[in-house]
Asker: 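I have a structure I would like to understand better, so I am pasting it below and will then ask my questions one at a time.
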Amino acid sequence: QSSEKPGNIYLIFLFVLQAPKKAKKKIEGGSNVFSMFEQTQIQEFKEAFTIMDQNRDGFIDKADLRDTFAALGRLNVKNEELEDMVKEAPGPINFTVFLTMFGEKLKGTDPEETILNAFKIFDPEGKGHIKADYIKEMLMTQADRFSQEEIKQMFAAFPPDVSGNLDYKNLCYVITHGEEKD
């Protein structure tokens, strides 16, 4: 799991979903994919899926992924990378197929690792931090948008360093464990 390259379709979905805002519980087994999630989670996933389905045809394809990357500030994504993401699905990616893929991916995973992977999309060099101004812009303009007050609260709890960087590894730890690392 940790060896996967950022750009994975699941990570894009997580960021669109704003995983840092609401850490998800570890998902336990279930025969029906819809039984794996609470109704409110399914609704959140559906909203995020709709955002990713840029052309509103009910399926996520390469063009939708390219547009989603562009909306998140990542331009010039290689066609091969998009093809690899689409190939992760057994067929056309409608909401049920995607929810199934997503459920299988999350089953038994550590929520901290899941959230870290979402942040790593914006840290391709693996520095462990992201420019605070950039993450503020992303959180206020994408998916379940943060309000100015929510941004203020986040930066009060996790102030950027003197260089204006946000230590997202520590942020993820606190989201999933409830207290700061020593």
Side-chain angles (χ1 to χ4, degrees), residues 1-124 126 130 134-135 137-146 168 172:
Q1 291 171 358
S2 57
S3 65
E4 291 176 345
K5 61 183 183 248
N8 180 302
I9 191 169
Y10 305 102
L11 303 183
I12 303 307
F13 185 77
L14 279 173
F15 194 82
V16 170
L17 185 62
Q18 295 300 325
K21 193 167 186 182
K22 298 175 185 132
K24 304 296 177 218
K25 293 178 188 171
K26 200 177 272 195
I27 296 168
E28 301 302 333
S31 57
N32 178 338
V33 67
F34 290 94
S35 69
M36 294 174 68
F37 302 100
E38 295 174 14
Q39 192 58 43
T40 54
Q41 290 175 309
I42 292 172
Q43 185 57 40
E44 289 175 6
F45 293 160
K46 183 64 177 169
E47 289 171 14
F49 180 89
T50 301
I51 290 167
M52 290 178 70
D53 181 17
Q54 298 275 315
N55 63 8
R56 303 291 185 261
D57 67 354
F59 296 91
I60 295 176
D61 57 21
K62 286 192 312 186
D64 292 325
L65 289 173
R66 185 180 303 284
D67 291 344
T68 300
F69 270 120
L72 295 173
R74 187 165 166 218
L75 306 175
N76 303 322
V77 180
K78 292 184 178 135
N79 205 42
E80 299 80 40
E81 190 176 355
L82 298 172
E83 285 175 12
D84 288 345
M85 285 186 245
V86 172
K87 284 179 191 171
E88 293 177 48
I93 307 171
N94 64 17
F95 181 64
T96 304
V97 168
F98 192 86
L99 195 61
T100 303
M101 293 169 62
F102 197 61
E104 288 170 358
K105 185 72 173 176
L106 288 183
K107 191 173 179 178
T109 62
D110 176 6
E112 181 179 7
E113 181 183 351
T114 302
I115 296 168
L116 270 172
N117 284 338
F119 274 107
K120 285 177 183 176
I121 294 169
F122 303 99
D123 182 23
I130 303 171
Y134 180 64
I135 200 68
E137 178 187 342
M138 289 293 103
L139 292 173
M140 292 184 76
T141 61
Q142 304 301 318
D144 188 9
R145 295 178 175 102
F146 276 42
Y168 68 83
C172 292

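Since this is a predicted model, take the numbers as computed values, not measurements. For reference, positions follow the sequence shown, starting with 1. Atom set for the values below is all heavy atoms of this structure, side chains included, hydrogens, waters and symmetry mates excluded.
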Asker: So P92 and V97, do their side chains get closer than 4.5 Å, heavy atoms only?
Answerer: no
Asker: When rounded to the nearest 0.5 angstrom, what is the spacing between CD1 in I135 and CE in M140?
Answerer: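 CE of M140 is found 12.5 Å from CD1 of I135.
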Asker: If the condition is salt bridge (Lys or Arg N to Asp or Glu O under 4.0 Å), which residues does E137 pass it with, not counting sequence neighbours?
Answerer: none
Asker: Does F45 form a side-chain contact (heavy atoms from CB on, under 4.5 Å) with T50? I'd like the steps, not just the answer.
Answerer: CA-CA 9 Å; F45 293 160; T50 301; over 6 Å; no
Asker: Rounded to the nearest 0.5 Å, what separates atom CD1 in I93 from atom CD in E88?
Answerer: 8.0 Å
Asker: Given the rule in the side-chain contact (heavy atoms from CB on, under 4.5 Å) test, do F69 and L75 qualify, once you have shown the distances and angles that lead to the verdict?
Answerer: CA-CA 7 Å; F69 270 120; L75 306 175; over 6 Å; no
Asker: Could you tell me whether the side chain of T100 reaches within less than 4.5 Å of the side chain of F95, counting heavy atoms only?
Answerer: no
Asker: Distance from I51 atom CD1 to T68 atom OG1, nearest 0.5 Å?
Answerer: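 If I round to the nearest 0.5 Å, the distance is 9.0 Å.
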Asker: Measure the CD1-CZ distance between I60 and F49 for me, rounded to the nearest 0.5 Å.
Answerer: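 Going from the CD1 atom of I60 to the CZ atom of F49 covers 4.0 Å.
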Asker: Nearest 0.5 Å, what's the CG-CG distance between D123 and N117?
Answerer: 11.5 Å
Asker: What residues form a side chain to side chain contact (heavy atoms under 4.5 Å, CB included) with N55, not counting sequence neighbours?
Answerer: D53, D57, D61, D64
Asker: Under the side chain to side chain contact (heavy atoms under 4.5 Å, CB included) rule, collect the residues that match up with N79, sequence neighbours excluded.
Answerer: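 Result, side chain to side chain contact (heavy atoms under 4.5 Å, CB included) vs N79: K62, R66, L82, E83.
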